[in-house]
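Counting convention: from 1, in listed order, for ligands and their atoms alike.
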Amino acid sequence: MATIQLKTPVPGPRSKALAQRREVAIPRGLSHATPVYVARAEDAVLEDVDGNRFIDFAGGIGCINVGHRSPRVVEAIHEQTDRFLHTCIQVTPYESYVRLAERLNVLTPGKFAKKTMFVNSGAEAVENAVKIARAYTKRPGIIAFEDAFHGRTMMTLSLTSKTHPYKAGFQPFPGEVYRIPYAYCYRCSYSLKYPSCDLYCARHLEDTFKRVVAQEGVAAVIAEPVLGEGGFVVPPRDYFQTLIEVCRKHNVLFIADEVQSGFGRTGALFASERYGIEPDIIVMAKSLGGGLPIGAITGRAEIMDAPGPGGLGGTFAGSPVSCEAALAVLDIFEQGDLNARARELGDHFQKRAAEWQSKFSIIGEVRGLGAMQALELVRSHETREPAAEETKAITQYCYEHGVITISAGSYGNVIRLLMPLVITDEQMDEGLAVLEEALQTLCGSKHEVAESVVGR
Ligand SMILES: Cc1ncc(COP(=O)(O)O)c(C=O)c1O
């Protein structure tokens, strides 16, 4: 039976009424991709307040890798709510925090001694990673990448690349942040081609230390192993190894931001494993909590111990309910095969998308790692002009036909897939059929693209 059930044109009357209340009560800066209000969710399916059912290809922006309301996670939360809700880890600690730290210390890449602390979000995890790296190295500088996204707090906005809508109007940002190009081969900043480029962009870090900021002033390089908001860009397999070699040579730490790429999304618990790298610090959030807010920072023990007692923390950081949810998430990965499922979903998408590429000229690139898959849409293969309006039209079409998708990319021209990894084959195919229909309807040929998006 079809999962998608649209009982009303969307948004339905109840969602519309809520949207009106929202407009009065909530600032417009908090925008949303789809104006349907959720009533319930299960696995990879959302139901709205008007009884419409959608296949969820967004997963709360990558937070629901184990599925909506995963029974094990829900049970762990229920059990914890019967015991206690909050004490504050800095006042009266609890065992689940310690156990979760112990497990992440083992599960994260690298056989060295590690320590872990918890926070409430991805941005807070990045903030703390920067504090810890600075405390350890006694250096101020942080090198981040073009097209990076690390959050919306002031320090993480400084590290984030995209200007509109994230950064514009919010200056000044904290300083000592330097930016270099990422290995975005489809839009190489140096107009080179892999592998003949010999990873020029990674080796160029040496040049940055000579011409932009001296290495003795740099605490860390922070990178997403696969760009998230930046458009699911996957660097060549040997890119990070080369980059880390340069970092190590100059005693600069390497921080992997696995907030979006972590917890099975790329076909391994951490994307770093797919590159065979061992970051000095890893930051996590999103799917770690199975739907509850929690972020984590795991790093080499001596680095994590650099800030003195009281230098780290937060009132709700590592809430006991979120810790139990995260422990359940780790159990699910340990006892199931979600990483294999992610690779399977990714392969399936790649095959379908390769067929689309031969039919729809708007598809500039199909790319991804595991189930972190995307289509970059362009108006011309020659100029690679980003097809941002068309991307909007496609996500709108999908939503109107029962599939929640979200876009990404500095140019807003990437459609990214973050479906829960528990999605069934039937649901995946149903969702992909709608996406294909959107491409066919809106972008059947170059000419149609131009006409169909006018006025949208
Ligand atoms: C790679 C990455 N880092 C950090 C963040 C910020 O996380 P949060 O929204 O939980 O603060 C995000 C959010 O999308 C992200 O994708």
**Request:** Could you tell me whether K111 and E278 make a salt bridge, using a distance below 4.0 angstrom between a side-chain N and a carboxylate O?
**Result:** no
**Asked** How long is the gap from CD on E365 to CG on L377, to the nearest 0.5 Å?
**Response** 11.5 Å
**Request:** Quick one: closest heavy-atom pair of D257 and V283, and the distance?
**Result:** CA-CG2, 3.3 Å
**Message:** As an exercise, identify every atom of ligand 1 less than 4.0 angstrom from a heavy atom of G151.
**Reply:** 6 (C)
**Prompt:** Which of the atoms in ligand 1, numbered in the order shown and given with their element, are less than 4.0 Å from a heavy-atom of Q260?
**Reply:** 14 (O), 16 (O)
**Item:** Under 4.0 Å to a heavy atom of D257 - the qualifying atoms of ligand 1, by number
**Value:** 1 (C), 2 (C), 3 (N), 4 (C)
**Item:** Interfacing atoms of ligand 1 (cut-off 4.0 Å, heavy-atom, S121)
**Value:** 10 (O), 11 (O)
**Any E124 heavy atom less than 4.0 Å from ligand 1** = no
**Asked** Near A123, which atoms of ligand 1 are under 4.0 Å from a heavy atom of that residue?
**Response** 6 (C), 7 (O), 8 (P), 11 (O)
**Request:** For ligand 1, note which part of R152 has a heavy atom under 4.0 Å away: side chain, backbone, both or neither.
**Result:** neither
**Request:** Do me a favour and list the nearest non-hydrogen protein atom to atom 14 (O) of ligand 1 with residue, atom name and distance?
**Result:** K286 NZ, 3.0 Å
**Asked** What is the minimum heavy-atom distance between V36 and S15, and which atoms define it?
**Response** CA-OG, 3.4 Å
**Item:** Pair K392 + E389: basic N to acidic O under 4.0 Å
**Value:** yes
**Item:** ligand 1 atoms in contact with E224 (distance to a heavy atom under 4.0 Å)
**Value:** 1 (C)
**Item:** K138 to Y136 six-membered ring, cation-pi geometry met (6.0 Å, 45°)
**Value:** no
**Request:** Run the salt-bridge test on R179 and E146 with the 4.0 Å N-O cut-off and return the result as yes or no.
**Result:** no
**Prompt:** What is the closest protein heavy atom to atom 7 (O) of ligand 1, and at what distance does it sit?
**Reply:** G122 CA, 3.3 Å
**Request:** Taking atom 9 (O) of ligand 1 as the reference point, report whether a protein heavy atom occurs under 4.0 Å from it.
**Result:** no
**Prompt:** Does the side chain of F57 reach to within under 4.5 Å of the side chain of V434, using non-hydrogen atoms?
**Reply:** no
